[in-house]
Chemist: 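Structure below; questions to follow.
Quick note on labels: first sequence line is chain A, next is B, and so on, each numbered from 1.
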Protein chains: 2
Amino acid sequence: MVEDAFGVLAHPVRRELLVRLGQGEQRASDLARGLPISRSATSQHLRLMLAVGTVAERREGRERYYSLERDGLAEVDAWLERLDGFWARSLERLGEHLDASA
Amino acid sequence: MVEDAFGVLAHPVRRELLVRLGQGEQRASDLARGLPISRSATSQHLRLMLAVGTVAERREGRERYYSLERDGLAEVDAWLERLDGFWARSLERLGEHLDASA
DNA sequence: AGAATACGTAAGGAATATCTAACGCGTCAA
DNA sequence: TTGACGCGTTAGATATTCCTTACGTATTCT
């Protein structure tokens, strides 16, 4: 079971959905249009994304509007920054090493 | 088949491996130590990461040293930035809209 | 009311991913 | 050269993911 933001990003269709939502709120059926999978499959992806918290849902009559959930990818951002930090520090150590041997 | 950096990040063991490598080059067996899976499984993760390009390998005798591949996660960084851009722009439009209706 | 619309959900199957156990192959040390 | 070490690969089992088809449930529209 995909249970975090990393898992959400692992599927190309889900990334495409996020990109489309980056342009603003969209209806479920509009989101499904043009994708290489059925409307049902799209719905399942959206359900997953909702559970993980990368999108939000708003119901209006028989329609459902989806939008990006702010901070939905915070987990990913934070992780990448942490890795960058580690790496930057290791490059720094490398630099000191080179300086020392110069 | 996991074939891109997003897929690499989708597995907690692979993220752990990247974090450890953030502290510098490591031998295969050192990387495997402490993980909840066998050495064999770790080796398979490393092979995958090597194929995708998130880690690099250096052989020395019977040992293999792994390290982070610079730009290995560039694909992910770029994608996140693009999404941020879209989102920033949509917030901007929202701001204009609010201004207009004020 | 009856039909059409907008969606979600369930069931079932095919494709992937992931793990362990067993084995192979160099390399190093005695 | 014999054996231990470091590590990858294969085979095969199990788990997970992802998709489609069929169906259910509210809403609108006529």
Chemist: State which residues pass side chain to side chain donor-acceptor pair (under 3.5 Å) with A:H11; sequence neighbours excluded, sorted by chain then number.
Modeler: none
Chemist: For residues 73-82 of chain B, which residue pairs pass the side chain to side chain donor-acceptor pair (under 3.5 Å) check, not counting sequence neighbours?
Modeler: none
Chemist: For B:R14, report the nucleic acid contact type (base, sugar-phosphate, nothing); a contact means any heavy atom under 4.0 Å.
Modeler: sugar-phosphate
Chemist: Tell me, please, which residues at least two apart from A:Q44 pass side chain to side chain donor-acceptor pair (under 3.5 Å).
Modeler: A:S40
Chemist: With distance as the sole criterion, do the side chain of B:E60 and the base of C:dT27 form a donor-acceptor contact below 3.5 Å?
Modeler: no
Chemist: Using whole Å, report how far CZ of B:R33 lies from C1' of D:dG6.
Modeler: 11 Å
Chemist: Report yes if at least one side-chain N or O of B:H11 is closer than 4.0 Å to OP1 or OP2 of C:dC19; otherwise report no.
Modeler: yes
Chemist: Distance check needed: D:dC18 P versus A:L48 CG, whole Å only.
Modeler: 8 Å
Chemist: Rounded to the nearest angstrom, tell me the gap between atom NE2 in B:H45 and atom P in D:dG8.
Modeler: 13 Å
Chemist: Expressed in angstrom and rounded to an integer, what is the separation of A:Q44 atom CD from C:dA10 atom P?
Modeler: 10 Å
Chemist: Would you kindly compare A:V2 and A:A41 by the position of their nearest DNA chain D nucleotide and give the one closer to the 5′ end?
Modeler: A:V2
Chemist: Can you name the residues that form a side chain to side chain donor-acceptor pair (under 3.5 Å) with A:R59, not counting sequence neighbours?
Modeler: A:E57
Chemist: Flag this pair as yes if the NZ/CZ of A:R15 is under 6.0 angstrom from the six-membered ring centre of B:F6 and inside a 45 degree cone about the axis; otherwise no.
Modeler: yes
Chemist: Just grab all the salt bridge (Lys or Arg N to Asp or Glu O under 4.0 Å) pairs involving residues 32-44 of chain A, residues at least two apart or on different chains.
Modeler: A:D30-A:R33
Chemist: What's A:V13 touching, base or sugar-phosphate or nothing? Going by heavy atoms closer than 4.0 Å.
Modeler: nothing
Chemist: Reading nucleotides 2-8 of chain C 5' to 3', which nucleotides get B (base under 4.0 Å from a protein heavy atom), which S (sugar-phosphate only), which -?
Modeler: --BBSBB
